[in-house]
Amino acid sequence: GKRLLVIMPPGWGKTTIVTQGYVTQRICADPETCILIANEKEQNAKDFLHSVKAQFENNELLRALFPEVIPVDLNETTWSASRIVVNRTSGRKEPTVFVIGVGGTVTGMHPDLIVVDDTISREAMENARAGSWQIMHQVNRWINQLDPLLNKNHPRHGIIFIGTRWWHGDSYEHVEKAY
């Protein structure tokens, strides 16, 4: 499917399996791809990307199996806290992976895959429970803006939402209704 919602309790490895493992797998399968990783906090998305980068830098098995994907010199490519570019044959302008925080904007880039990991926190849920739905409404409006960003020409384009249900009416329920 073009849209996937993964809802599980905290501590079950959602981020490790999907945001880090699956993203690494997609890059190895198609180095020409572009993936956007989003999280409620941009710093968390950067931390997820750091884990993906570590696989390409330090995982000897991955390096042995996919040497054509791994840049020979990381100083001669884009390899930063917020974006990476692996070896490619095309001149695609979008990075292989880049990150944003929920509410952030993306201009002029069209990822093939968007991985939205934990759009809302327990704090946002507690605000909603107390009657302040402002954060939830802002996140829901941002979620509605994701679909037009996708590169619909890519055969495996899609959006993966990953998170923990906190409350009826939270942003994950919005995802279920919107998609």
Side-chain angles (χ1 to χ4, degrees), residues 1-6 13-120 139 141-163 175 179:
K2 301 296 182 194
R3 309 295 177 274
L4 178 64
L5 177 61
V6 179
K14 300 179 297 290
T15 298
T16 302
I17 294 167
V18 180
T19 308
Q20 296 165 7
Y22 181 65
V23 165
T24 302
Q25 179 184 15
R26 282 282 296 253
I27 295 166
C28 292
D30 178 14
E32 305 299 326
T33 196
C34 175
I35 300 169
L36 171 61
I37 297 175
N39 180 271
E40 179 186 37
K41 308 264 187 252
E42 182 179 8
Q43 183 58 53
N44 289 345
K46 287 179 179 180
D47 292 343
F48 301 156
L49 178 57
H50 176 78
S51 294
V52 172
K53 287 169 43 180
Q55 292 301 312
F56 289 101
E57 294 168 359
N58 305 316
N59 184 323
E60 293 304 321
L61 181 59
L62 180 81
R63 294 176 66 81
L65 293 173
F66 299 97
E68 71 281 1
V69 176
I70 299 159
V72 175
D73 186 350
L74 298 178
N75 294 320
E76 292 187 17
T77 188
T78 301
W79 204 260
S80 70
S82 60
R83 62 185 54 211
I84 64 169
V85 177
V86 298
N87 285 342
R88 291 174 159 172
T89 56
S90 73
R92 186 171 185 174
K93 68 178 180 172
E94 293 98 348
T96 305
V97 182
F98 65 109
V99 304
I100 61 172
V102 168
T105 59
V106 175
T107 306
M109 291 195 271
H110 298 282
D112 307 321
L113 175 67
I114 301 172
V115 178
V116 184
D117 189 331
D118 287 335
T119 57
I120 56 170
V139 171
R141 283 192 302 275
W142 180 81
I143 287 169
N144 293 339
Q145 297 169 10
L146 294 176
D147 194 65
L149 293 178
L150 281 172
N151 173 16
K152 303 269 177 43
N153 294 323
H154 193 279
R156 294 183 63 206
H157 73 273
I159 304 174
I160 301 173
F161 295 95
I162 305 163
V175 167
Y179 293 105

message: I'd like to know whether F48 forms a side-chain contact (heavy atoms from CB on, under 4.5 Å) with V23, so could you lay out the CA-CA distance, the side-chain angles of the two residues, the decisive distance to 0.1 Å, and finally the verdict.
response: CA-CA 10 Å; F48 301 156; V23 165; over 6 Å; no
CA sep, side-chain torsions, deciding dist, call: Y179, L5, side-chain contact (heavy atoms from CB on, under 4.5 Å): CA-CA 9 Å; Y179 293 105; L5 177 61; over 6 Å; no
message: side-chain contact (heavy atoms from CB on, under 4.5 Å), that's the test. Do E40 and D118 meet it? Break it down for me.
response: CA-CA 6 Å; E40 179 186 37; D118 287 335; 5.6 Å; no
field: Chi angles and distances behind the side-chain contact (heavy atoms from CB on, under 4.5 Å) call for I160, V18
entry: CA-CA 9 Å; I160 301 173; V18 180; 4.0 Å; yes
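With values rounded to the nearest 0.5 angstrom, Q43 atom CD is found 10.5 Å from S82 atom OG. Rounding to the nearest 0.5 Å places CG of L149 at 9.0 Å from OG1 of T107. F161 CZ to D117 CG: the interatomic distance, rounded to the nearest 0.5 Å, is 12.0 Å. Separation of atoms NZ (K46) and NZ (K41) is listed at 14.0 Å; rounding is to 0.5 Å. Atom CD1 of I84 sits about 8.5 Å away from atom OG1 of T77, to the nearest 0.5 Å. The OG1 atom of T33 lies 6.5 Å from the CG atom of L113; values are rounded to the nearest 0.5 Å.
Using a 30° and 60° split on the angle between ring planes, W79 and F56 fall in the perpendicular class, above 60°.
Across R92, K2, R26, a single residue satisfies salt bridge (Lys or Arg N to Asp or Glu O under 4.0 Å) together with D112, and that is R92. Remark: of the listed residues R88, R156, H154, Q25, H154 is the sole one forming a side chain to side chain donor-acceptor pair (under 3.5 Å) with D30.
For the pair V106 and L36, the minimum side-chain heavy-atom distance is below 4.5 Å. Between I37 and Q20, the closest side-chain pair of non-hydrogen atoms is not below 4.5 Å. Counting heavy atoms from C-beta on, the side chains of C28 and L62 come closer than 4.5 Å. For the pair V52/I27, a side-chain contact is recorded, criterion being any heavy-atom separation below 4.5 Å from C-beta on. By the 4.5 Å heavy-atom criterion applied to side chains, V115 and Y22 are not counted as neighbours.
E32 approaches T89 most closely through the heavy-atom pair OE2-N, 2.8 Å. Contact between S80 and L49 at its shortest, heavy atoms only, is O-CD2, 4.1 Å. The minimum heavy-atom distance between I100 and T105, with the atom names listed, is CG2-O, 4.4 Å. Considering every non-hydrogen atom in both G108 and K93, the closest pair reads O-NZ, 2.6 Å. Closest heavy-atom contact between V85 and P71: O-CG, 3.7 Å. Of all the heavy atoms in N151 and H157, the pair that sits closest is O-CB, 3.3 Å.
Looking only at atom types and distance, the side chain of T24 has no donor-acceptor partner in the side chain of Q55 under 3.5 Å away.
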